[in-house]
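What follows is a single structure, written as structure tokens, with notes after it.
The basis for the numbers below is simple: all heavy atoms, side chains too, and nothing from hydrogens, waters or symmetry mates.
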Amino acid sequence: PTVEEVLNLTVNQVNEPENLISYKELSVEYPKHIILELKNFTKNKKLNDLVFVNIKGEKVERTHLNNCFNRACSKLP
């Protein structure tokens, strides 16, 4: 999946019984513990809600994500 597909992931795309996440053009099987963590993380969300949101409850912007990665990388030895 692309970064955009992950950032646009909604709760209803996570299929717990089959450990799958359905993206635009494919479904990916993940380890059960990952799916369980996602389900726990989203337990108070509605089916059409985004899984990953910012502090304001809005979609995470790709530029913000890139900036976070850049800051984290700059702290590596």
Side-chain angles (χ1 to χ4, degrees):
T2 66
V3 171
E4 286 301 318
E5 287 177 305
V6 173
L7 292 177
N8 288 315
L9 184 67
T10 58
V11 175
N12 63 353
Q13 290 174 259
V14 181
N15 181 332
E16 184 181 352
E18 297 182 23
N19 299 327
L20 293 175
I21 295 180
S22 299
Y23 298 99
K24 187 175 182 179
E25 296 184 18
L26 73 145
S27 292
V28 178
E29 185 174 356
Y30 289 90
K32 186 161 189 70
H33 71 276
I34 299 293
I35 298 296
L36 291 175
E37 286 291 331
L38 271 177
K39 288 307 250 184
N40 187 48
F41 180 70
T42 60
K43 66 183 173 191
N44 295 323
K45 295 184 177 219
K46 297 176 184 165
L47 287 178
N48 289 326
D49 286 350
L50 292 171
V51 172
F52 306 108
V53 295
N54 62 21
I55 196 142
K56 296 178 182 178
E58 300 167 346
K59 177 185 169 193
V60 174
E61 295 296 329
R62 187 176 181 151
T63 53
H64 177 72
L65 184 64
N66 289 343
N67 290 337
C68 290
F69 277 118
N70 288 335
R71 278 195 307 275
C73 288
S74 70
K75 294 178 182 179
L76 293 174

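Here the closest heavy-atom approach between residue V14 and residue K39 is recorded as O-NZ, 3.7 Å. The two residues L50 and K45 come nearest to each other via the heavy atoms O-NZ, 2.8 Å.
For the atom pair NZ of K32 and CD of E18, the computed distance is 11.0 Å after rounding to the nearest 0.5 Å.
Although no hydrogens or angles enter the test, the distance criterion places no donor-acceptor pair under 3.5 Å between the side chain of K59 and the main chain of L7. Side-chain N or O atoms of T2 include one that pairs as donor or acceptor with a backbone N or O of E5 at under 3.5 Å. In this structure, N67 contributes its side chain and T63 its backbone to a donor-acceptor pair below 3.5 Å.
Put simply, F52 and L47 are part of the same group of oily side chains (I, L, V, M, F, W, Y) that touch within less than 4.5 Å, one to the next. By the rule that hydrophobic residues join a cluster once side-chain heavy atoms approach within less than 4.5 Å of another member, F41 and V28 end up as members of one cluster. Linking Ile, Leu, Val, Met, Phe, Trp and Tyr whenever their side-chain heavy atoms come within less than 4.5 Å puts Y30 and L38 in one cluster. Under the 4.5 Å side-chain heavy-atom criterion for ILVMFWY residues, a single connected hydrophobic cluster contains both V60 and V3.
In this structure the side chain of N48 reaches within 4.5 angstrom of the side chain of N12, judged on heavy atoms. Taking the side chain as every heavy atom from C-beta outward, N54 and H64 never approach each other to under 4.5 Å. With a 4.5 Å cut-off on side-chain heavy atoms, E4 and R62 count as touching.
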### Task
Check step by step if side chain to side chain contact (heavy atoms under 4.5 Å, CB included) holds for Y23 and N8.
CA-CA 9 Å; Y23 298 99; N8 288 315; over 6 Å; no

### Message
Applying side chain to side chain contact (heavy atoms under 4.5 Å, CB included) to K46 and V11, what does each step give before you reach the verdict?
### Response
CA-CA 7 Å; K46 297 176 184 165; V11 175; over 6 Å; no

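Checking each of N15, I34, I35, V51 against I21 for a side-chain contact (heavy atoms from CB on, under 4.5 Å) leaves exactly one that passes, namely I35.
The number of heavy-atom neighbours closer than 6.0 Å to CD1 of I55, taken from other residues, nucleotides and ligands shown, is 12 or below.
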